[in-house]
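Single-structure report; data block below.
Here the structure is a predicted model, which is why all the values come from computation and not from measurement. Per chain, numbering begins at 1; letters A, B, ... match sequence-line order.
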Amino acid sequence: MEYKRLADVYSKLESTTLKLEKTDIVARFLETVEKDELEMVVLLITGRVYPGWSSQELGMSSGLMAKAISKAYGINSKEIEDEWRKLGDLGLVTERYSSKKSQSRIFIKMLTVQKVFDNMRKISGMEGMKSQDRKLDLVSELLSSVSNPLEARYIARTVIGDLRIGVAEGLLRDAIASAFFANVFWKETLEQKVNGDIRLKVMSRSVTGKKIVVDEKLATVLEKKYGEDYDMLKSGNDVVVRQIKKISDDELLKKEPGIDYIFFHDVSIGNETKSRIVSSVEHAFSMTNDFSLVALAAKDGGFTALAKLKMNANHPLKVMLYQKALTIDDAFGIVGKPAAIEYKYDGFRLQVHRTDDTIKLFTRRLEDVTKQFPDVVSVVRENVKARSFILDCEVIGIDMKTGKWLPFQKISRRIKRKYDIDQTVREIPVIINFFDAMMADGKSLIDVPFSERRKHIESVVSEGDGIKVARHIITDDVEKVNDFYKESLSKGNEGIMMKNLSAPYKPGSRVGYGIKIKPTMDNLDLVIVGADYGEGKRVGWLSSFHLACYDSDSGEYLTIGKMGTGIKEKSEEGTSFGELTELLKPYITEEKGKTVAIKPAVVIEVAFEEIQKSTKYSSGFALRFPRLVRLREDRMPEDASTVDEISMVYGAQRGRG
DNA sequence: AGTGCCTGCCC
DNA sequence: ATTCTGC
DNA sequence: GCAGAATGGGCAGGCACT
């Protein structure tokens, strides 16, 4: 397949924000892809060349891409930086230089999807001396063989790992469902207006050569109400009328061979059928984390093949994510009463797998970290009494001297380590706290209620040094939760989790079955002393703001980090990027690429989770998760929080005093 | 050998 | 991680 | 209410440069 075709699809996707339209674009494209190219195309649609669970990386991002542009088109880096700031996206920058060169281009051969894919995979395999140069050559080779600047745009974005086409898991899942299974409609959806006309009429003009099954009850209605349009649909397609109480033969819903469209009379049957298709795709993806496999299975074997993609210890599962609430009452409102309340440990998420002899550990993003935690492997081997399982836990570090739990920063030293692992095992011992179970003795637990999954953990885990079941209570009493919350914080935890007792485990989604509650710190008033221009949807605005506190001794402003969230895009909603940009412009003293220096004048109120020690910023501190609360127009820069105040707050933080 | 910058991934 | 926004 | 796209600090590792 020519890369140009894929680039056109990307471009169409970029030109609409409508999810249904995007889904349709991807689905209609996938329908046309041959089996031997499907794996590659599905990966490239998600902007990758290896599936999410793979540890293969490109080792190339915006920095090296800027160099690649420089090399491929002979442009100096300052000019590239300026264009980058103006266009807000290196993909557009690449496209621009590509189009300037295009007149002199002589086509020998069209660039193929396969070629792009192969070069990207070569890039990810490269290491050692001069490897960066060789990576640049591979990118240059692609850029010089495009037939169209649009292709250059997407080659650059694939290198950066950010396609910006608004397609991620949810949408691709729906698109695969729509591409390889019958498209389901019912009376209301056929009567819905699309571009001014009802959908049935639109379809009668545009759909030809398809196999369409129509509910007998609906057929009568269509003939009576829309006879002319319905006749036109029948004349151009293979329309079969059936009595359909309920589609019991799942395989009928598969395309190739099978049916392309199915029309029901009742909303409920339509919805049920549609969701049966989508959830079978979703389930297959949950099990494999690999849309290439899912798409192939769906195309080839429909429901049967999708159902064969089963949960498998040693293959990581997407983890369930949790929402945030401000108060215990709000949380109860979402998860119901009574609920399970757990400590929210300040560690990192670990998925523990065991098949008979093999234990494997995966992070939240499915990286295999078994090598980094031999201590966890052995404690699991000895203390979990089951042969085959998948469990979810939070790992925290402990201070060798005091026995207290360490803040996340410390344990993070172990996560990506490749060398001196044994030494850090001794220096930073850990405790694993199990809080969920997804598989037991080869059987999936994701559909059993949380309360049962919890019981299962308690039955297989024997607690000991370094291995615990997450501390929890079950209650419907706000006061009891409050006490538990205080207890949790006093141990240095981040807060608490509140969980719905009857909820299933939903891999990969942030549904309201679990809620996290964290305390709020008093906000700081900080001075803006610099900023960066934004990318993508924030192009043209100052988008990230460099913050400083005041040193009353020296009268200087000391930096404490950057902030790029909490700001509104629309000015009606509150303090917006536009407003801040206009406000700060007169104070800009220096510009370099996307970064500007700003004279201290504007004070803002900033919320955060925690103050950390930092070597990067001149105040010696940095904020964990900073976000804008509001402008402080009533404050002068000298009124900002002082470094002494911040130092006091640092010392008084949870579990640290 | 030391340093600085980039990348990817934890939160 | 947090937050905002379109669907 | 969800999915997607913006953005934060800091860690280890790896490459390039001095």
Query - Cation-pi, A:Phe348 ring and A:Arg364 (6.0 angstrom, 45 degrees) - result: no
Rounding to an integer number of Å, can you tell me how far [X] [atom1] sits from [N] [atom2]?
| X | N | atom1 | atom2 | answer |
| --- | --- | --- | --- | --- |
| A:Gln372 | D:dC11 | CD | P | 17 Å |
| A:Asp133 | D:dG14 | CG | P | 19 Å |
| A:Glu169 | D:dA5 | CD | P | 11 Å |

Query raised in the report: When we call it a touch if two heavy atoms are under 4.0 Å apart, what does A:Lys516 touch: a base, just sugar-phosphate, or nothing?
Result: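 It contacts sugar-phosphate atoms only.
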Query - Outermost DNA chain C nucleotides near chain A [under 4.0 Å, heavy atoms] - result: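 The footprint of chain A covers C:dA1 to C:dC7.
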Report task. Pick the P atom in C:dT5 and in B:dG4, then give their distance to the nearest Å. Result ->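 Per the computed distance, 40 Å lies between those P atoms.
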Does a nitrogen or oxygen in the side chain of [X] sit under 4.0 Å from OP1 or OP2 of [N]?
| X | N | answer |
| --- | --- | --- |
| A:Gln132 | D:dG14 | no |
| A:Tyr419 | D:dG13 | no |
| A:Ser544 | D:dG8 | yes |
| A:Lys19 | D:dC2 | no |

Query raised in the report: Between A:Phe291 and A:Phe285, how do the two ring planes meet: parallel, tilted or perpendicular, split at 30° and 60°?
Result: parallel
Query raised in the report: Parallel under 30°, tilted from 30 to 60°, perpendicular over 60°: which one fits the rings of A:Phe621 and A:Tyr650?
Result: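 Because their plane-to-plane angle lies in the 30° to 60° range, the rings of A:Phe621 and A:Tyr650 count as tilted.
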Report task. Please lay out, stage by stage, how A:Ser55 and A:Glu367 fare under the test side-chain contact (heavy atoms from CB on, under 4.5 Å). Result -> CA-CA 7 Å; A:Ser55 55; A:Glu367 298 292 316; 4.3 Å; yes
Report task. Between protein and nucleotides 2-11 of chain B, map the contacts as a letter string: B base, S sugar-phosphate only, - none, heavy atoms under 4.0 Å, written 5' to 3'. Result -> ----SSBSBB
Report task. Consider the side chain of A:Arg413, meaning its heavy atoms from C-beta on, and name the nucleotide among D:dG14, D:dA12, D:dG8 that approaches it most closely. Result -> D:dA12
**Report entry** Interface residues of residues 557-580 of chain A with DNA chain C (non-hydrogen, below 4.0 angstrom)
**Finding:** A:Thr565, A:Gly566, A:Ile567, A:Lys568, A:Glu569, A:Lys570, A:Glu573
Query raised in the report: Do the side-chain N and O atoms of A:Gln372 and A:Arg417 include a donor-acceptor pair separated by under 3.5 angstrom?
Result: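 No, no side-chain donor-acceptor pair sits under 3.5 Å.
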